[in-house]
Amino acid sequence: MHLGHHTTKFRMPENTIPKEAAYQIINDELMLDGNPRLNLASFVTTWMEPECDKLMMAAINKNYVDMDEYPVTTELQNRCVNMIAHLFNAPLGESEAAVGVGTVGSSEAIMLAGLAFKRKWQNKRKAEGKPYDKPNIVTGANVQVCWEKFARYFEVELKEVNLREGYYVMDPEKAVELVDENTICVAAILGSTLNGEFEDVKLLNDLLIKKNSETGWDVPIHVDAASGGFIAPFLYPELEWDFRLPLVKSINVSGHKYGLVYAGIGWNIWRSKEDLPEELIFHINYLGTDQPTFTLNFSKGSSQVIAQYYQLIRLGFEGYKNVMENCQENAMVLKEGLERTGRFTIVSKDNGIPLVAFSLKDHSRHDEFELSHHLRRFGWIVPAYTMPADAQHITVLRVVIREDFSRGLAERLVLDIEKVLRELDALPPNGKSMKRPADVANCHAALANGHVAKRLETDKKTNAIC
Amino acid sequence: MVLSKAVPSSHDASLSCTFASRYVRNPLPRFKLPEESIPKEAAYQVINDELMLDGNPRLNLASFVTTWMEPECDKLIMAALNKNYVDMDEYPITTELQNRCVNMIAHLFNAPIGEDETAVGVSTVGSSEAIMLAGLAFKRKWQNKRKAEGKPYDKPNIVTGANVQVCWEKFARYFEVELKEVKLKEGYYVMDPEKAADMVDENTICVAAILGSTLTGEFEDVKKLNDLLTQKNKETGWNVPIHVDAASGGFIAPFLYKDLVWDFRLPLVKSINVSGHKYGLVYAGVGWVVWRSKEDLPDELVFHINYLGADQPTFTLNFSKGSSQIIAQYYQFIRLGFEGYKNIIENCMENAKVLHKGIEQTGRFNIVSKEEGVPLVAFELKDKTYYTVFDISENLRRFGWIVPAYTMPADAQHIAVLRVVVREDFSCSLAERLASDIQKVVEELDERVKHVTKVVTTQVDITASGGTDGALVHKSEQEIAEEVITYWKKFVNRKKTSGVC
């Protein structure tokens with residue numbers, strides 16, 4: 001009976017309805033959402049073991065911030081911080097506690113890291129009697145949108161190193177050139193959103209040490225390892241990108257990407273206490289001891305923290321390694337399948353995040369946005385993007401390989417892409433492919449899947465997907 | 001012929017019962033990622049068991065945050081756990097549900113929007129994020145105005161009461177805004193509108209009023225503040241706006257106190273935040289902030305995402321996050337409707353009254369909270385000589401109850417209260433049980449004090465008789481009592497900051 005009523009959309013209804021009806025109405029509407037497991041746009045985990053689901057449901061009514069009431073949950077967070085700090089080779093003594101925090105995601109983590117750098121730099125400049133009103137941060141133009149948010153909301157200038165065709169990450173030499181006395185830090189990305197590449201943090205470190213010794217400045221590095229932080233230690237343990245490099249002062253990683261937890265958890269680790277100005281920390285007294293906290297969010301669920309701990313002890317080093325190796329394998333299967341069609345250039349590297357970014361060799365008749373649109377009909381969500389400045393003429397499709405993207409799915413995707421190519425070949429050309437990238441983006445905005453985040457006043461595209 | 005193979009011992013490990021396996025013998029990894037994987041049943045059991053030592057969320061009377069939802073809603077929450085809210089394009093319905101919630105809340109708060117106009121608002125992880133966004137909007141608006149006037153814009157400040165929740169202090173510290181706090185005084189535990197208007201100056205980006213003070217549940221007089229501020233604005237030519245922190249009160253006032261004018265009906269109120277996870281009746285992890293109109297949210301702060309061909313503006317600090325709580329909020333709105341919320345809040349008020357009466361009947365406490373406001377009971381000891389509210393709080397734990405004790409902020413730091421928040425799932429019988437357990441604790445503490453005083457007195461007599469010049473040294477009863485208190489206080493010496501939402 002209630003299903004026949006028009007559910008008011010903008011105003012709270014006057015009357016109560018039975019819980020079964022409420023459930024059914026919402027459940028049915030949500031059937032029209034995309035299937036998270038077929039969402040190949042996202043790095044964020046979409047499957048966990050039922051045992052973990054059980055733990056999460058049991059913890060759903062625990063407000064994480066009530067440290068006093070839920071001391072074990074707080075303890076689990078602390079253990080995760082320590083495990084991740086050790087994974088990143090933080091210079092800690094045997095029983096020394098790591099300096100770090102659980103956040104809602106890498107956005108919050110980055111804002112906290114950025115705040116710490118800003119405050120540290122301000123204090124130093126004040127002590128030197130120099131102006132401290134124009135802080136800036138140096139990154140590549142390939143940064144994820146949360147860096148732009150940080151810059152805008154916390155009043156720091158963002159100095160971006162532009163990309164170029166064939167080189168889609170931050171060039172360490174150009175980055176170091178952009179550094180000046182107002183630079184609070186240089187942010188390197190381990191696992192670029194666009195093509196999964198790892199930036200050369202070691203080269204950046206070496207060049208920056210040299211610049212620091214020449215100028216007397218003390219510019220540090222932050223590594224945005226949102227995706228790469230849970231990949232590099234398992235697949236590329238020899239790669240030096242973390243606290244082994246002396247200038248790296250903080251690292252963020254998303255628990256909900258290759259940390260293999262559902263959306264809603266990130267981590268930020270500082271090298272040591274000195275890198276986190278005390279004045280930013282709020283001290284809450286719990287169980288008679290001091291629990292320092294530094295987060296933007298306060299009340300939030302505990303489920304994801306517990307889930308992260310579950311994954312860390314359930315999988316252990318070998319488990320994570322196996323999962324990442326599987327992802328790499330499946331990425332190779334997909335890549336080779338695409339290469340065999342002869343229609344694509346592969347833009348992503350083999351080393352890095354397990355994803356495949358590819359563009360059409362021939363844009364004369366159709367483009368990547370159309371391909372993406374057609375793939376939707378098969379159920380696949382594969383986003384198409386244009387690169388940021390100065391490579392805006394390059395458009396790519398990107399498939400992220402997550403834990404739950406099996407080989408069978410990889411092979412099926414290749415088949416479906418081939419089908420779509422055949423369909424498109426049979427269609428007349430859209431006549432728009434040769435236009436400028438901004439126009440392309442505009443024309444296809446309605447068709448495309450919205451991964452092009454545009455500020456309507458400027459041409460600069462922000463990449464709005466984590 | 002059937003060939004049998006011996007099953008390698010590693011198989012046994014996964015077949016055997018968790019408690020028979022080696023996994024419950026090994027110490028739990030605490031500092032380093034363990035080398036090996038363990039079976040999922042073992043991982044589940046080991047974590048589940050340790051978590052048994054956490055407090056019971058339903059008996060956590062310290063928190064406003066919802067601790068129970070209907071199983072149907074739990075089902076929806078579970079199903080949405082793997083949806084990343086920010087993927088608006090992939091999950092258009094979930095995004096639509098958020099938009100509906102924003103509109104419903106905006107209308108609930110009487111935002112001046114036309115029939116087909118969409119409200120300006122956003123879902124957040126909680127009121128902390130909501131407040132930071134609102135504060136950012138005020139700061140940017142004020143800065144732009146000052147720049148246009150050619151005046152300095154480097155010293156923004158915000159005026160609030162000293163009773164503000166810690167997230168305002170965070171906002172001030174992280175976004176470099178000065179916090180000008182109106183001090184409280186004994187008997188008046190919220191922001192005084194007159195003192196607040198006095199503190200306003202040309203650098204004030206906004207005045208923040210609280211609907212539902214964390215400490216006592218009281219609603220601040222937003223209307224009076226609005227009137228005083230309107231006058232001050234006229235006199236000075238400034239344009240200082242108001243933000244209402246309705247984290248708790250936003251889902252109470254519209255249902256219980258319809259005639260209370262506190263929201264967008266007041267012209268100076270430009271934004272309001274409310275916690276979905278408090279009396280919005282959703283689990284931890286959702287808050288809302290609504291702006292009066294587009295003009296109150298500077299466009300330069302908004303990021304525009306193109307989805308389904310339409311512009312979806314977003315203004316949040318967090319990016320990826322779960323969708324479950326948003327769906328749960330929408331569930332509650334359509335499931336309960338206006339009448340459902342009203343019934344629940346009325347029940348809470350009733351149960352708060354039951355508790356209030358029960359506590360008063362012990363004869364040992366003064367009730368500090370008001371009858372109107374958030375359904376909670378805050379009470380202090382009439383006689384603090386022998387033990388404090390902190391002792392009571394400590395002892396109530398043994399019965400399973402978590403009832404926090406706080407000292408008031410400046411200038412009423414000598415007042416310490418216990419506070420019980422009455423949530424949806426705090427029934428009348430629980431209220432009666434709590435009152436009787438409080439009575440028990442008070443009686444126990446009385447006994448203990450009597451016992452210790454006797455012992456100390458005996459000791460003093462013995463030592464007194466052994467004085468060097470033979471004269472008896474008598475300690476006054478007061479001195480003895482003080483010694484006893486100091487002795488016991490050592491165990492319960494903690495000053496709690498009101499760090500609880």
Side-chain angles (χ1 to χ4, degrees), chain A residues 9-16 19 22-23 26 29-30 32-34 36 39 44 46 49 51 60-63 69-70 72-73 79 82-83 86-87 104-105 107-108 146 262-264 284-285 288 296-301 310 313-319 381 445-446 449-450 453 455 464 466, chain B residues 29-37 40 43-44 47 50-51 53-55 57 60 63 65 67 70 72 81-84 89-91 93-94 100 103-104 107 125-126 128-129 167 283-285 304-307 309 317-322 331 333-340 402 494 499 501:
Chain A
K9 290 184 198 256
F10 278 9
R11 279 177 205 266
M12 189 181 287
E14 274 300 314
N15 301 85
T16 308
K19 48 194 165 91
Y23 169 79
I26 296 177
E29 261 201 280
L30 287 173
L32 293 164
D33 264 349
N39 175 10
V44 177
T46 47
E49 287 179 318
E51 282 71 11
I60 202 116
N61 64 352
K62 276 192 197 171
N63 182 1
E69 288 78 359
Y70 312 124
V72 179
T73 304
R79 287 183 206 167
N82 280 293
M83 288 189 192
H86 277 102
L87 196 65
V104 163
S107 289
E108 185 186 359
C146 58
Y262 294 130
I284 303 203
N285 185 305
L296 296 180
N297 297 296
F298 195 65
S299 290
K300 63 188 183 198
Y310 174 92
I313 70 165
R314 153 58 168 153
L315 295 171
F317 195 95
E318 72 168 333
I381 299 170
N449 33 41
R455 248 161 291 153
C466 250
Chain B
R30 276 163 226 272
F31 282 123
K32 293 206 200 202
L33 189 64
E35 277 302 314
E36 292 168 352
S37 306
K40 48 194 166 92
Y44 169 79
I47 294 177
E50 230 190 322
L51 287 174
L53 293 165
D54 263 349
N60 174 9
S63 179
V65 177
T67 46
E70 289 178 318
E72 282 71 11
L81 269 182
N82 64 351
K83 277 191 195 172
N84 181 2
D89 197 46
E90 285 79 358
Y91 312 124
I93 307 296
T94 304
R100 289 184 204 165
N103 279 289
M104 289 189 188
H107 278 107
V125 163
S128 289
E129 184 186 0
C167 58
Y283 295 127
H304 290 269
I305 304 211
N306 184 306
Y307 97 107
L317 296 180
N318 298 295
F319 194 66
S320 289
K321 64 188 182 196
Y331 173 94
F333 283 163
I334 70 166
R335 154 59 167 153
L336 295 169
F338 197 94
E339 75 170 310
I402 299 171
R494 64 215 239 169
C501 247

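Just so we're on the same page: letters track the sequence lines, and every chain starts at 1.
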*Would you call B:Leu51 and A:Lys62 a side-chain contact if the rule is heavy atoms closer than 4.5 Å?*
yes

_Over all atoms of both residues, closest heavy-atom pair of B:Ser128 and A:Phe298_ = OG-CB, 3.0 Å

*Which atom of B:Tyr331 lies closest to which atom of A:Ala22, heavy atoms considered*: CE1-CB, 3.6 Å

_Would you compute the distance between atom OG1 of A:Thr46 and atom NZ of B:Lys83 and round it to the nearest 0.5 angstrom?_
12.5 Å

*Relative to chain A, which of B:Arg335, B:Glu50, B:Lys321 shows the most heavy atom pairs under 4.5 Å?*
B:Arg335

*Mind listing the closest non-hydrogen atom pair of A:Leu315 and B:Ser37 along with its distance?*
O-OG, 2.6 Å

*Measure B:Glu70 against the heavy atoms of chain A and call it side chain, backbone, both or neither at under 4.5 Å.*
side chain

*Which bit of B:Leu317 comes within less than 4.5 Å of chain A, counting heavy atoms only: side chain, backbone, both or neither?*
both

*Distance from B:Asn60 atom CG to A:Asn61 atom CG, nearest 0.5 Å?*
10.0 Å

*Could you tell me the separation between the CZ atom of B:Phe338 and the CE atom of A:Met12, rounded to the nearest 0.5 Å?*
8.0 Å

*Going from CD on B:Glu339 to OG1 on A:Thr16, what distance comes out if it is rounded to the nearest 0.5 angstrom?*
3.5 Å

*What option among A:Val104, A:Leu32, A:Asn297 has the most heavy-atom pairs under 4.5 Å with chain B?*
A:Asn297

*To the nearest 0.5 Å, tell me how far A:Ile26 CD1 sits from B:Phe333 CZ.*
11.0 Å

